[in-house]
Participant: 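The structure under discussion is supplied below as structure tokens; questions concerning it will follow.
Order of the sequence lines sets the chain letters (A, B, ...), proteins ahead of strands, with each chain counted from 1.
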Protein chains: 2
Amino acid sequence: MNDETHAPQKRPLTLRDVSEASGVSEMTVSRVLRNRGDVSETTRERVLAAAKDLGYVPNKIAGALASQRVNLVAVIIPSFSNMVFPQVLSAISEVLDNTPLQPVVGVTNYMPEREEKVLYEMLSWRPSGVIIAGLEHSDASKAMLRAAGIPVVEIMDTDGRPIDSVVGISHRRAGRMMAEAIIKAGYRKIGFLGTKMPLDHRARKRFEGFTEALAKAGLEVIDQEFYAGGSALAKGREMTAAMLARSPEIDFLYYSNDMIGAGGLLHCIDAGIDVPTELGLAGFNGIDLLDGLSMQLATMDSCRAEIGRRAAEIVARSVDVQAAETGGAHGERIELSPTIRRGETLRLRPAHGDYPE
Amino acid sequence: MNDETHAPQKRPLTLRDVSEASGVSEMTVSRVLRNRGDVSETTRERVLAAAKDLGYVPNKIAGALASQRVNLVAVIIPSFSNMVFPQVLSAISEVLDNTPLQPVVGVTNYMPEREEKVLYEMLSWRPSGVIIAGLEHSDASKAMLRAAGIPVVEIMDTDGRPIDSVVGISHRRAGRMMAEAIIKAGYRKIGFLGTKMPLDHRARKRFEGFTEALAKAGLEVIDQEFYAGGSALAKGREMTAAMLARSPEIDFLYYSNDMIGAGGLLHCIDAGIDVPTELGLAGFNGIDLLDGLSMQLATMDSCRAEIGRRAAEIVARSVDVQAAETGGAHGERIELSPTIRRGETLRLRPAHGDYPE
DNA sequence: ACACAGGGAGATACCGCTAACGAAACGCGA
DNA sequence: TCGCGTTTCGTTAGCGGTATCTCCCTGTGT
């Protein structure tokens with residue numbers, strides 16, 4: 001180890017430096033560093049030692065350009081604060097860890113223009129694949145995705161026409177299922193609490209499916225309210241209090257996510273409301289973060305981990321295929337089935353005095 | 001718009017394609033696409049039209065290689081599930097949005113070997129700067145960071161020797177401050193609940209500072225317990241119940257994070273324990289997620305947003321400086337002051353019957 | 001002793017783009 | 001009309017690697 005080892009160099013290190021230090025050609029160094037081709041054990045060790053001694057880190061920019069291979073997978077999600085996407089992400093990373101692929105995430109904040117920009121930005125790094133949340137994209141985004149010539153997996157949602165592959169659940173169906181469960185349990189005066197996000201298509205679809213199923217039973221949402229910003233828990237609490245004050249006849253509240261649902265539940269507990277007999281509650285997502293509440297909120301699992309896993313598998317597989325054959329893989333379509341977790345805030349059978357059909 | 005516009009091309013598009021389509025040289029196209037140099041409005045529009053028509057997305061790999069400039073900032077954090085890092089991240093993105101820089105995140109799961117690998121991986125893309133959580137890194141990681149010749153900002157923690165710049169709070173001091181507040185309020189039988197993460201140095205330092213301040217007052221932690229995995233809320237609840245059963249004399253519980261603290265609080269409320277008189281509680285982080293609880297948990301703000309902002313500013317600034325002058329910027333050191341949020345679970349003055357010194 | 005297989009290493013030609021310089025076209029005053 | 005500064009655009013030479021081909025050197029079978 002020489003003295004300059006830890007000196008910050010002005011000129012960045014290149015293969016040439018390592019090659020000079022080890023007395024072999026750049027090509028050989030390159031081969032050693034990638035464990036490729038035939039290199040004798042002797043030179044191999046010599047090169048490795050020189051590289052480590054210099055603190056050389058290969059330049060993937062140059063490598064990617066030369067080899068026309070970039071082992072990155074663009075993952076585009078609407079938000080981080082949501083608690084659901086981090087879970088999808090970790091499932092993706094887990095799968096990708098067993099491959100040479102590496103995820104790179106971009107966040108859109110539910111804004112189509114930002115999505116377009118982020119997508120453009122990521123595609124300009126020529127990733128090997130794209131995993132992107134949702135089926136709704138601007139025309140330009142769709143065009144880019146199609147033109148990229150790489151596997152594209154749209155995740156979370158299956159209600160729509162995918163560009164290539166899709167992995168998710170039907171949020172419309174999820175909304176319907178919950179409505180049906182609620183009706184079956186005998187609740188009739190139903191209120192809805194959601195987020196003020198016209199661009200959260202999945203929340204919208206759940207709501208649509210929900211009202212649709214209610215309509216089929218001759219019911220409709222009695223009262224509804226939407227919020228934006230602030231602590232979801234606190235908002236859930238406030239909005240629940242407000243709605244119950246405004247529409248005291250309500251016997252069920254459906255929340256667009258577990259967090260505001262939990263806030264509502266806390267309000268009910270504090271207010272001494274008899275849940276689930278007097279009032280039922282349900283959220284959406286099945287986040288286990290809330291497992292420690294005094295009462296388990298009814299919710300619906302959104303299959304986050306499974307979605308991430310399957311999506312990553314599709315990308316990994318089709319990258320492999322592309323490497324082997326020439327033809328790109330054909331789009332897969334995977335619709336997962338969300339399951340209701342009844343918890344303790346959704347009673348099982350109609351309460352005495354109800355008249356279920 | 002020609003018919004091939006939306007046809008998936010086999011041969012990826014290059015500048016040459018755009019240049020041929022618009023009848024100018026590749027150089028001119030390059031200039032147009034980067035809004036650089038002198039190009040007449042006429043050709044500019046022609047080129048732009050051709051690029052859009054073809055659906056051309058520039059290849060940053062080649063661009064970066066040629067220009068020796070990569071506008072990426074590596075952000076390396078231990079975890080996503082934590083809820084604290086996403087907030088740091090969004091502060092970083094916000095600042096970086098006003099610059100040409102773009103964050104790329106890597107996750108280490110609190111494992112030094114993974115950190116080393118992630119760092120290596122990211123450095124091989126030659127980012128313009130690194131923002132990395134913590135001051136504890138393997139020797140190899142430190143060497144890489146030093147050798148990279150780019151601004152490095154270590155964040156979250158200031159208790160240690162930084163490589164370059166550092167932005168954070170002193171967790172040791174944070175622990176001390178909380179201990180002092182607790183003692184001042186007259187609590188004497190103190191229990192600690194934390195995570196089983198020997199590699200979460202910040203949690204460790206908080207605990208050390210905490211016990212140190214207790215020791216100075218002639219006190220020590222009466223009982224302690226650590227958990228790993230599972231829902232933090234549920235764990236907080238369980239562990240609190242267990243500890244109170246085991247050590248009923250306890251009059252204060254200090255939690256290493258707000259989430260288990262909230263779980264503990266929920267247990268206390270359900271168990272009818274008189275908080276904060278009979279038992280006091282405090283957590284750490286100041287996450288507003290929990291604002292909706294029935295009672296506001298005492299906690300300490302960890303300045304997440306501020307840390308992210310300042311760190312991003314340092315990187316942005318020194319990248320600018322590097323572009324202008326030759327000399328790298330010198331390390332900055334920013335220690336933020338966490339503030340206690342007393343909430344409602346930490347009484348203000350000694351309860352009747354206590355004997356404060 | 002010679003042809004030949006095959007491992008180990010080097011030479012060469014790019015990958016797609018940009019920095020730097022240079023040249024053409026244009027405008028305008030003398 | 002010419003000279004000269006501007007503006008606009010093209011040419012050339014890499015950036016730091018990798019694919020591919022070539023070459024050399026061994027050892028081996030006959």
Side-chain angles (χ1 to χ4, degrees), chain A residues 9-48 50-51 54 56-71 100 121 123-128 148-149 323, chain B residues 9-48 50-51 54 56-71 100 121 123-128 148-149 323:
Chain A
Q9 34 265 136
K10 59 251 88 217
R11 197 178 45 74
L13 290 169
T14 73
L15 266 191
R16 158 155 249 99
D17 296 294
V18 183
S19 96
E20 281 169 3
S22 52
V24 296
S25 74
E26 303 176 35
M27 198 56 238
T28 303
V29 177
S30 170
R31 282 201 266 257
V32 170
L33 264 29
R34 287 176 299 148
N35 303 316
R36 216 184 270 299
D38 318 297
V39 184
S40 73
E41 193 52 33
T42 333
T43 54
R44 188 186 144 70
E45 278 167 14
R46 213 145 39 98
V47 169
L48 247 23
L54 291 171
Y56 173 71
V57 177
N59 186 332
K60 285 213 177 167
I61 308 247
L65 182 62
S67 67
Q68 301 284 53
R69 248 177 289 123
V70 185
N71 288 327
E121 207 71 26
L123 287 181
S124 73
W125 288 101
R126 300 290 187 267
S128 299
Chain B
Q9 34 266 137
K10 58 250 89 222
R11 196 177 48 74
L13 291 168
T14 72
L15 267 191
R16 159 156 248 99
D17 295 294
V18 183
S19 97
E20 280 169 4
S22 53
V24 297
S25 75
E26 303 176 35
M27 197 58 235
T28 304
V29 177
S30 169
R31 282 200 267 258
V32 170
L33 263 28
R34 287 177 299 149
N35 301 316
R36 216 186 269 302
D38 318 296
V39 183
S40 74
E41 193 52 32
T42 333
T43 55
R44 187 185 145 71
E45 278 167 13
R46 212 145 39 98
V47 169
L48 247 24
L54 291 170
Y56 173 71
V57 177
N59 185 332
K60 285 214 177 167
I61 308 245
L65 183 61
S67 67
Q68 300 285 52
R69 247 178 290 120
V70 185
N71 288 327
E121 206 70 28
L123 287 181
S124 73
W125 288 102
R126 299 291 187 267
S128 298

Participant: It should be established whether B:Ser40 places a side-chain nitrogen or oxygen under 4.0 Å from OP1 or OP2 of nucleotide D:dT7.
Facilitator: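 No, no such contact exists.
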Participant: Would one find a side-chain N or O of B:Ser25 under 4.0 angstrom from OP1 or OP2 of D:dT11?
Facilitator: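 Negative; the distance criterion is not met.
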Participant: Check this one for me: any side-chain N or O of A:Arg69 less than 4.0 Å away from OP1 or OP2 of D:dA19?
Facilitator: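 For D:dA19, OP1 or OP2 has a side-chain N or O of A:Arg69 closer than 4.0 Å.
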Participant: Rounded to whole angstrom units, what separation is found between the CG atom of B:Leu15 and the C1' atom of D:dT11?
Facilitator: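 Answer to the nearest Å: 15 Å.
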Participant: Quickly work out the B:Arg46 CZ to D:dT8 P distance and round it to whole Å.
Facilitator: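 That distance rounds to 14 Å.
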Participant: Any idea which heavy atoms bring A:Arg126 and B:Val57 closest together, and the distance?
Facilitator: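 Heavy-atom minimum between the residues: NH2-O, 2.5 Å.
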Participant: Return no unless some side-chain N or O of B:Tyr56 is found under 4.0 Å from OP1 or OP2 of C:dG16.
Facilitator: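 Looking at the OP1 and OP2 atoms of C:dG16, neither is under 4.0 Å from any side-chain N or O of B:Tyr56.
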Participant: Side-chain N or O of A:Gln68 versus OP1/OP2 of C:dG16: is the shortest distance under 4.0 Å?
Facilitator: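 Affirmative; the distance criterion is met.
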Participant: Could you tell me the separation between the CD atom of A:Glu26 and the C1' atom of C:dG10, rounded to a whole number of Å?
Facilitator: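 Going from CD in A:Glu26 over to C1' in C:dG10 covers 11 Å.
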Participant: On a heavy-atom basis, which atom in A:Pro100 and which in A:Asn71 lie closest, and how many Å separate them?
Facilitator: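 The pair with the smallest heavy-atom distance is O-CB, 3.4 Å.
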Participant: With rounding to the nearest 0.5 angstrom, report the CD1 to CH2 distance, A:Ile61 to A:Trp125.
Facilitator: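 If we round to the nearest 0.5 Å, A:Ile61:CD1 and A:Trp125:CH2 are 4.5 Å apart.
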Participant: Give, for atom CG of A:Leu54 and atom CD of A:Glu20, the distance between the pair rounded to the nearest 0.5 Å.
Facilitator: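 These two atoms lie 10.0 Å from each other.
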Participant: Give the rounded distance in Å between these two atoms: CG of B:Leu65 and P of D:dA13.
Facilitator: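 Nearest whole value for this atom pair: 18 Å.
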Participant: Calculate, to the nearest 0.5 Å, the distance between atoms CG and NZ belonging to B:Leu123 and A:Lys60 respectively.
Facilitator: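 Separation between the atoms: 11.0 Å.
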Participant: Between the base of D:dG17 and the side chain of A:Arg31, is there any donor-acceptor pair under 3.5 Å?
Facilitator: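 It does not, because no donor-acceptor pair links the side chain of A:Arg31 to the base of D:dG17 below 3.5 Å.
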Participant: For B:Arg34, I'd like to know if atom CZ has over 12 heavy atoms of other residues, nucleotides or ligands within 6.0 Å.
Facilitator: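 Atom CZ in B:Arg34 is packed in, count exceeds 12.
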Participant: Could you run down the sub-3.5 Å N/O contacts of the protein with nucleotides 4-6 of chain D?
Facilitator:
none

Participant: For B:Glu41 and for B:Arg126, find the nucleotide of DNA chain D with the closest heavy atom, then tell me which residue's nucleotide is more 5'.
Facilitator: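 Whichever sits nearer the 5' end wins; that is B:Glu41.
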Participant: In whole angstrom, what separates B:Arg16's CZ from C:dT18's C1'?
Facilitator: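 Value for this atom pair: 15 Å.
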Participant: Give the rounded distance in Å between these two atoms: CE of B:Met27 and P of C:dG16.
Facilitator: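 Going from B:Met27 (CE) to C:dG16 (P), I get 17 Å.
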Participant: Could you state the CZ-C1' distance from B:Arg34 to C:dG16, rounded to the nearest angstrom?
Facilitator: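 Going from B:Arg34 (CZ) to C:dG16 (C1'), I get 12 Å.
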Participant: So, does A:Thr28 get its side chain near the phosphate of C:dG10, meaning an N or O under 4.0 Å from OP1 or OP2?
Facilitator: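 So the side chain of A:Thr28 is within the cut-off, an N or O lying under 4.0 Å from OP1 or OP2 of C:dG10.
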Participant: Students often get this wrong, so: under 4.0 angstrom with heavy atoms, is A:Asp38 touching a base, only sugar-phosphate, or nothing?
Facilitator: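 Contact class for A:Asp38: base.
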Participant: Give me the atom names and distance for the closest heavy-atom approach of B:Leu33 to B:Ala51.
Facilitator: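 Here B:Leu33 and B:Ala51 meet closest at CD1-CB, 4.4 Å.
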Participant: For the pair made of NZ in B:Lys60 and C1' in C:dC15, what is the distance, rounded to whole Å?
Facilitator: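 It works out to 19 Å between those atoms.
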